[in-house]
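Take a look at the structure below.
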Amino acid sequence: MTSKNDDPLGDIAEEETLRPVGGTEGAATGTTVPPYMAALNPAQREAVEALEGPVLVLAGAGTGKTRVLTTRLAHILATRSAWPGQILAVTFTNKAAREMKDRIGHLIGGVVEGMQWLGTFHSIGAQILRRHAELVGLKSNFTILDQDDQIRLLKQLIEAEGIDEKRFPARVLAALIDRWKNKGLTPAKVPPGEAHSYAEGKGIDLYRAYQERLKTVNAADFGDLLLENLRLFQENPDVLKSYQERFKYMLVDEYQDTNVAQYLWLRLLAQGSKNICCVGDDDQSIYGWRGAEVDNILKFEKDFPGAKVVRLEQNYRSTPHILGAASGLIAANEGRLGKTLWTELKDGEPVRVLGLWDGEEEARHIGDEIEALHGKNVPLHEMAILVRASFQMREFEDRFLTIGVPYRVVGGPRFYERREIRDANAYLRLIAQPDDDLAFERIINVPKRGLGKVAMQTLHTAARAQGTPLMQGARALVETDELRGAARRSLAGFVAMIDRWRALIDTLPQDELAEIVLDESGYTEMWQNDRSPDSPGRLENLRELVRSMEQFDNLAGYLEHISLVMDADQQDAADRVSLMTLHSAKGLEFPVVFLPGWEEGLFPHQRSLDENGLAGLEEERRLAYVGITRAKQEARISFAANRRMHGSWVSSLPSRFIDELPEEFIEMDAEQGLYGGSGSRFDEANPVQSSYDSPGWQRMKRASETRSKGQFPQVIDEVSRLVATNDPSAASYQTGDAVRHPKFGAGVIAEVDGNKLLVEFETGTKRVIASFVEPA
DNA sequence: CTGGAGGATCTTTTT
DNA sequence: GATCCTCCAG
């Protein structure tokens, strides 16, 4: 057993008292409950003990899902049903994998070391692929490309095809290819009908060319880690069989988020032992945009005949108010498996909903509340702000810096995505894997080596003619006279430099090698000579990078880490407020949760509605559900009437999700003079509320009418009713009218377009909604 | 070949 | 507002 720790399970695991299994059977046979199971409720225990055959655990939010998963693992090991190396345990995120490792460590101690098959789909896929790389046309040291590299590579292919990249952006093609890969479709398997969705049918050719190119540069993208695995298994039955025999037990976390490729992969592997246990919650499926198929969880029983289904419905996390609000909201979704969450906790505070003027004020208000709570001894790390889109974080960061509240951004701008880090990594990648053309191109002229466009063109042509990667092409090119003096010398020097470093891989620790590379390449010097204000920061980042490399076994280990475990989240113990997106909040919990930005267009996000219609809306609603259910004691929702987006001001209506929260669990409040922020339900009860009959408010109502026509009928009806019964003299504006805007000050109308005005303010011309200006 | 200026385009969520 | 890209002048 492990030493003492904070985890209640850890403590329980140490207790000597063993209780008999419930009922007579246990007593009669003298069976005892293993200590690690003592803390489980009957449903949880059922999920843990059903080791043989397929099992689906439907685990609602806060019902102890992770506890069940980890206990189940402990149970397999404790009953000696399998060795650690015979268990496949897949999670969706690195965070989840890490947490599972930690908790198993607490439960059973050192055995976790042997659990080499515990990880994300992608890291396990990469692990398997490296062992059999040659079978799918790769070398075992292949590079894993991130999205950025992927798009760069596609851009080259698109241009080579003579396609206008402006009209058919590489990112669109990348998305298309990803979608295919997520569905498990190799180029040969793409249905003919779908092939036409990019550049008049060139999509499929480009996909094929892309896959070939990846093999040439010895690289795989994220989708390949699974797709190539599938291909490996399908084309090599003996390999598949060896893994089927190896994995006696399979555990899958967040099953609702698996895509088709992952599903096929699991199904192939599960045909061996049939002992597959999937845990998930259809109400928390929020990765549809990444190819996740809620269907996978909905049809589990059909796919795995004889499956046992266990429902976990007792919630240990949230108060009844929070649970009630969340359940009421999610009830608006169709096509759910349906669960009834309940709790033994007492009522607590209602969920608070607050309307504010703009994003800045929202940040100020939440900042104040955080300070107030902190004053009442709520530690900062017990509070979190969960936003829909990362650009919302900025206002909070600004505010926290101003008032001096320490915060941490979870999953924010990643360390490894910074330019200097990517550059440094490109050097290291090229040393480790000379065929990595993307790395080559990134750093060939960084720092400046006089190898610009012309030289690169020559090199590209030469390399393509020989059908070799750029590094080899360069090696050959410097032997010829195709390049002129300076460029030729420079390129030869570059090749020699890389070779020299490569020779050091096995003799020097990777951090020392990195230091030498950064130094000798002139990269560090480049930033030292740079006068821009952020160069000191970049140099510090580079030092940090070298420092952090120490912890890896070798260079390859480091590179694997940065491509797959890109989240560099610092688990620092300091007392800080957490700031993150709703997506990265999944699986976490906080006593106090702030949910800002509940506005139509932002949440639910317009793009989600546009691209996926009802399905998109339902996914957004699940995201809202995930958000609320993160809260243990208090959830505070807010929305702003105005928000700055891409530099200009946009006014918005409160989210429809606010209307869907059951009244009995919430408490509404809105600022005076807001457009009626309390939501439609408020108006229904009292259509001509004192502060809501101002001309501005009436105009807002009309504005909402035109703005939202056809989008959310229930609001429209009320709006039209109000408009019909109140203030028929619509205050309309004309070009040339002088107006005043609360944010931009005085201005003159340049153009009227329905309820939208183009106004020339002193600070510039802006498009604003009519209801936000007053006649001046 | 380099550097800077100006312009276009975008920002949902992540392995 | 920010970043990425293109174009033009040294």
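Note that the CG atom of L145(A) and the CD1 atom of I151(A) stand 11.5 Å from one another [nearest 0.5 Å].
A straight line from NE2 of H605(A) to P of dT13(B) spans 8 Å, rounded to a whole angstrom. Note: CG (L602(A)) to P (dT11(B)) measures 15 Å, nearest angstrom. Computed from coordinates, the E254(A) CD to dT15(B) P distance equals 12 Å when rounded to whole Å. In this structure, Q262(A) places its CD atom 16 Å from P of dT14(B), rounding to the nearest Å. The nearest whole Å value for the distance from the CZ atom in F222(A) to the P atom in dT13(B) is 16 Å. Distance L588(A) CG to dT13(B) P: 17 Å, rounded to the nearest Å. Atom CD in Q147(A) sits about 10 Å away from atom P in dT11(B), given to the nearest Å. At whole-Å resolution of the value, CZ in R98(A) and P in dT15(B) are 10 Å apart.
The local environment of CD in E525(A) is sparse, with at most 12 non-hydrogen atoms from other residues, nucleotides or ligands closer than 6.0 Å. Within 6.0 Å of atom CZ in R489(A), 12 or fewer heavy atoms from other residues, nucleotides or ligands are found, so the atom counts as exposed in its surroundings.
Projected onto DNA chain B by closest heavy-atom contact, A389(A) and P169(A) fall at different nucleotides, the more 5' of which corresponds to P169(A). Summary of the strand contacts: G452(A) and S584(A) both lie near DNA chain B, and taking for each the nucleotide with the nearest heavy atom, the more 5' one is attributed to G452(A).
Among dC1(B), dT11(B), dT15(B), the nucleotide with an atom closest to any side-chain atom of R171(A) is dT11(B).
Within 4.0 Å (heavy atoms only), R419(A) reaches no atom of the nucleic acid at all. Among the atoms of the strands shown, none is found under 4.0 Å from any heavy atom of S123(A). Among the atoms of the strands shown, none is found under 4.0 Å from any heavy atom of F121(A). Residue contacts shown for N445(A) are limited to sugar-phosphate atoms, with no base heavy atom under 4.0 Å away.
Dashed line: the shortest gap from a side-chain N or O of T93(A) to OP1 or OP2 of dT14(B) is not under 4.0 Å. Here K448(A) reaches the OP1 or OP2 of dG3(B): one of its side-chain N or O atoms lies under 4.0 Å away. Regarding contacts with the backbone of dT14(B), a side-chain N or O of T581(A) is found under 4.0 angstrom from either OP1 or OP2. Put simply, N182(A) has no side-chain N or O that comes within less than 4.0 Å of OP1 or OP2 on dT15(B).
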**OP:** Give the intermediate values and the outcome of salt bridge (charged side-chain N to carboxylate O under 4.0 Å, His left out) for residues K65(A) and E254(A).
**Re:** CA-CA 9 Å; K65(A) 180 195 65 164; E254(A) 308 282 13; 3.1 Å; yes
**OP:** Decide yes or no on side chain to side chain donor-acceptor pair (under 3.5 Å) for D283(A) and N333(A), but give the supporting numbers first.
**Re:** CA-CA 9 Å; D283(A) 290 333; N333(A) 270 8; 5.7 Å; no
**OP:** Go through the steps for Y263(A) and W265(A) under the test ring pair (Phe, Tyr, Trp, His ring centres under 6.0 Å), then give the verdict.
**Re:** CA-CA 5 Å; Y263(A) 160 79; W265(A) 185 81; over 10 Å; no
Original post:
What's the verdict on side-chain contact (heavy atoms from CB on, under 4.5 Å) for E441(A) and H460(A), showing C-alpha distance, side-chain angles and the deciding distance?
Top reply: CA-CA 10 Å; E441(A) 283 174 279; H460(A) 260 130; 3.2 Å; yes
**OP:** Determine, stepwise, if the pair R408(A) / S578(A) fulfils side chain to side chain donor-acceptor pair (under 3.5 Å).
**Re:** CA-CA 5 Å; R408(A) 67 176 181 141; S578(A) 299; 3.2 Å; yes
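Stacking between Y287(A) and dT13(B) is absent: the ring centroid is not both under 5.5 Å from the six-membered base ring centre and under 30° in plane angle.
Applying the 3.5 Å distance criterion, the base of dT13(B) shares a donor-acceptor pair with the side chain of R388(A).
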**OP:** Give the B/S/- string for nucleotides 1-7 of chain C, one per nucleotide from 5' to 3', where a protein heavy atom under 4.0 Å of the base yields B, of only the sugar-phosphate yields S, and otherwise -.
**Re:** -S--S--
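Look at the P atom in both dC4(C) and dT13(B): the space between them is 16 Å, to the nearest Å.
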